[in-house]
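Every value quoted in this text rests on a predicted model; they were computed, and no experiment measured them. All heavy atoms count here, side chains included; hydrogens, waters and symmetry mates do not. Per chain, numbering begins at 1; letters A, B, ... match sequence-line order.
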Protein chains: 2
Amino acid sequence: MVRGRISRLSVHDVRFPTSLEGHGSDAMVSHTDPDYSAAYVVLETDAEDGLKGCGLTFTLGKGTEVVVCAVNALAPHVLSKDLGDIVGDFRGFYRQLTSDGQLRWIGPEKGAVHLATAAVLNAVWDLWAKQEGKPLWKLLVDMDPRTLLSCIDFRYITDVLTEEEAYEILQKGQVGKKEREEQMRTQGYPAYTTSCAWLGYPDATLTQLCSEALKDGWTRFKVKVGADLQDDIRRCRLIRHMIGPEKTLMMDANQRWDVPEAVEWMAKLAEFKPLWIEEPTSPDDILGHAAISKCHNRVIFKQLLQAKALQFLQIDSCRLGSVNENLSVLLMAKKFGIPVCPHAGGVGLCELVQHLIIFDFISVSASLKDRMCEYVDHLHEHFKYPVVIRKACYMPPQDAGYSTEMKEESVRQHQYPDGEVWKELLAAQGN
Amino acid sequence: MVRGRISRLSVHDVRFPTSLEGHGSDAMVSHTDPDYSAAYVVLETDAEDGLKGCGLTFTLGKGTEVVVCAVNALAPHVLSKDLGDIVGDFRGFYRQLTSDGQLRWIGPEKGAVHLATAAVLNAVWDLWAKQEGKPLWKLLVDMDPRTLLSCIDFRYITDVLTEEEAYEILQKGQVGKKEREEQMRTQGYPAYTTSCAWLGYPDATLTQLCSEALKDGWTRFKVKVGADLQDDIRRCRLIRHMIGPEKTLMMDANQRWDVPEAVEWMAKLAEFKPLWIEEPTSPDDILGHAAISKCHNRVIFKQLLQAKALQFLQIDSCRLGSVNENLSVLLMAKKFGIPVCPHAGGVGLCELVQHLIIFDFISVSASLKDRMCEYVDHLHEHFKYPVVIRKACYMPPQDAGYSTEMKEESVRQHQYPDGEVWKELLAAQGN
């Protein structure tokens with residue numbers, strides 16, 4: 001089915017000047033606020049279909065060039081390879097990228113080199129799905145369990161999940177699959193919004209965005225906390241008052257606290273009844289008992305599950321090693337009975353992760369209980385196949401691929417530092 | 001005391017073609033074996049003394065360019081800064097480097113960006129020690145406890161070690177300090193050798209190197225294991241037979257196993273009475289209970305100590321965030337009563353880490369029980385102030401600085417890809 005040899009890998013440093021929004025142009029000079037960015041990979045083959053595989057990993061501005069550099073270091077593993085050979089032994093290919101005898105040292109499976117791995121593999125998955133003429137979630141749903149498992153590197157996780165156990169989970173997931181696929185197509189996957197309550201927003205903005213979101217049918221809201229306790233109390237009270245006692249409120253501390261500080265702070269915010277506290281402390285702190293945490297690889301997730309240190313699990317399509325590593329985490333979460341609530345936002349994270357969570361519902365978890373996928377209304381206009389939200393739910397993508405493809409014009413204009421947008425901004429900054 | 005403003009930061013991609021040794025030139029083509037390398041940073045100031053700060057982080061060949069790129073991303077935090085301001089608020093400066101709002105995303109405090117942080121900060125410490133006219137270990141030993149603590153970022157570790165507890169540890173360490181410094185100067189710090197038993201060596205080489213090491217007075221040996229069980233049994237039997245039952249044998253599996261595999265394998269090697277098993281599994285696997293482990297930051301070490309998951313703790317001068325982060329780990333190890341046995345070898349790791357462990361003995365642990373520092377006889381000739389080993393002990397460095405400075409000629413010849421050594425090799429490879 002798959003065809004062609006990888007003939008070209010190009011990688012772009014694409015940055016959106018989001019630090020300018022709402023913070024004045026001086027924010028850019030000091031570069032304290034993020035410029036939402038991506039290392040964006042395009043794979044071409046020598047096949048006649050002319051299909052390209054697009055992949056990305058999300059970054060925050062500075063440092064994107066480091067990830068681009070890491071993608072180039074991985075390129076020799078991809079170039080001239082037959083796509084059939086890659087996906088025919090996807091576990092082997094994954095292992096090759098993550099275990100390169102020399103590159104491994106600067107990870108392994110973490111930091112810039114793992115983000116680069118995600119960008120490259122996301123492009124491979126996009127290409128595969130496009131060649132099969134299916135959206136990625138459907139490619140995964142239709143894949144027979146053995147083939148699907150052959151994409152996963154079980155190294156370092158066999159003490160909690162063997163390949164045979166994973167096979168049994170997927171076999172059980174076959175029951176009722178058609179019905180769940182139909183349910184997704186008609187109702188979509190429940191989402192929650194983070195767009196209303198960023199730290200920088202004044203109360204008036206917060207009130208306005210929240211009231212608009214309520215009108216649009218949103219019932220689950222996330223608020224950023226952790227910079228100033230009195231400020232947090234005021235903002236949480238405001239939001240809880242607006243949404244009422246029945247709707248769902250989550251909090252995200254973005255790693256701001258030490259463990260004792262987190263305990264103290266959260267006691268003060270408990271009255272606003274948050275469903276979870278996201279990243280109260282260092283993402284490396286397994287024993288720090290995060291309620292929900294973004295992690296950099298399956299080994300960290302494994303331990304969070306073993307240590308019963310989280311009540312919700314948050315996958316990320318661009319921080320873990322692409323679909324391959326996310327599959328292993330979805331299967332471990334199923335084994336431990338922990339609901340997965342994906343992280344999204346940034347650049348393209350919503351576009352990508354919807355595929356994974358829709359697959360999870362249809363083929364793995366078979367449940368929507370306590371489950372929802374983050375949504376942020378940001379930068380979707382730069383994607384060729386942007387997410388479709390209906391009644392606060394993600395509607396399953398229909399187009400072939402992984403929804404990773406950006407508009408050529410957007411990429412060209414936002415390339416750093418030579419795209420038009422940046423040329424102008426940097427010139428203005430120079431004046 | 002300190003003086004000058006940082007006027008220049010240069011960074012070099014320095015690679016030694018170690019993959020060629022003992023493996024034939026085809027190893028280079030496939031690049032499966034490591035080329036011991038470093039991202040090498042040189043800081044210059046506008047002070048009249050003309051002193052330069054040199055720092056490095058160790059890498060394995062490919063990927064060094066990624067770390068170089070990350071160093072350049074950090075450079076704006078260093079350039080034009082007054083050295084007095086940097087070391088006067090070293091905790092703040094450390095935090096600035098590791099918590100840059102944008103760069104943080106591609107770490108945080110791990111992978112390429114953390115290695116780059118180490119290289120930059122190692123150069124700052126070298127410069128500081130040179131300006132004070134002391135070897136780094138002596139700078140640390142003479143520093144008053146409060147100043148020393150002001151170099152440490154306690155974020156994410158206050159649940160196990162507060163600044164006050166650290167202060168008490170250092171205060172207690174004052175007792176008997178003079179005597180211990182004298183002991184170091186006369187007898188040195190005990191070392192163990194890894195030079196005899198690399199995986200690739202044939203038995204004859206192993207026998208010869210081991211017999212030479214015994215003649216040179218070595219009493220502690222480390223053997224690499226994990227590729228093939230029968231092979232390991234044969235090699236361990238050979239070495240244990242040569243060194244006799246009383247001398248110390250350690251094993252290093254270099255992350256090759258899953259947890260169940262490690263348990264099975266080690267049962268088979270137990271008869272050779274290893275003191276420890278190093279890195280049996282993923283370095284991220286805290287709950288996988290490594291006996292000894294190289295870790296990427298203080299948060300991982302904290303948990304290994306909390307979980308009682310290690311019996312020995314292995315610091316690394318170039319993987320952690322320089323002296324600053326290593327100080328926090330030495331203090332936590334003291335609190336938990338776990339002996340520190342530093343990792344060394346590579347490029348310059350012996351040169352650097354000897355300073356840390358000698359300081360640890362004099363001012364923190366005050367004990368040599370179950371303690372020793374790794375030694376590998378490799379690439380010291382490229383350093384201006386190479387380690388001095390006497391009777392299998394590290395003798396305290398006498399020259400000012402952190403022993404990080406490489407010979408200019410070595411740097412020039414081994415720069416990748418433009419140095420003479422690489423020009424020739426790459427040309428030969430092209431033919």
Open item on the list: With side chain to side chain contact (heavy atoms under 4.5 Å, CB included) as the criterion, how do B/Val259 and A/Thr158 come out once you've worked through the C-alpha distance, each side chain's angles and the decisive distance to 0.1 Å?
Closed with: CA-CA 7 Å; B/Val259 174; A/Thr158 57; over 6 Å; no
TODO: Report the C-alpha separation of A/Arg104 and B/Leu60 in whole Å, then their side-chain angles, then the decisive distance to 0.1 Å, and conclude whether the side chain to side chain contact (heavy atoms under 4.5 Å, CB included) test is met.
DONE: CA-CA 8 Å; A/Arg104 193 169 187 281; B/Leu60 291 185; over 6 Å; no
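Heavy atoms of B/Glu261 lying under 4.5 Å from chain A are absent altogether. Heavy atoms closer than 4.5 Å to chain A are found nowhere in B/Leu74, neither backbone nor side chain. For B/Pro76, no part lies near chain A; criterion is any non-hydrogen pair under 4.5 Å. For B/Leu115, the part sitting under 4.5 Å from any heavy atom of chain A is the side chain, from C-beta outward, and nothing else.
To the nearest 0.5 angstrom, A/Gln303 atom CD is 7.5 Å from B/Ser282 atom OG. Atom CD1 of B/Ile157 sits about 11.0 Å away from atom OG1 of A/Thr281, to the nearest 0.5 Å. Residue B/Glu109 holds its CD atom at 13.5 Å from NZ of A/Lys110, rounded to the nearest 0.5 Å.
Between the side chain of A/Tyr156 and the main chain of B/Asp284, no donor-acceptor pair closer than 3.5 Å is present. Although no hydrogens or angles enter the test, the distance criterion places no donor-acceptor pair under 3.5 Å between the side chain of B/Gln102 and the main chain of A/Gly63.
Ion pair A/Lys302/B/Asp285 flagged as a salt bridge, since at least one NZ, NE, NH1 or NH2 atom sits closer than 4.0 Å to an Asp/Glu carboxylate oxygen.
Across B/Val66 and A/Ala73, no two heavy atoms sit closer than the pair CG2-CB, 4.4 Å.
Chain B forms the most heavy-atom pairs under 4.5 Å with one residue out of A/Val113, A/Asn297, A/Val67, and that residue is A/Asn297. Among B/Glu65, B/Gln306, B/His296, the residue with the largest count of heavy-atom pairs under 4.5 Å with chain A is B/His296.
In this structure the side chain of A/Asp159 never reaches within 4.5 angstrom of the side chain of B/Asp258, judged on heavy atoms.
Here B/Phe58 and A/Trp105 bring their ring centres to under 6.0 angstrom of each other.
Crowding of B/Glu163 atom CD: a count of heavy atoms from other residues, nucleotides or ligands under 6.0 Å exceeding 12.
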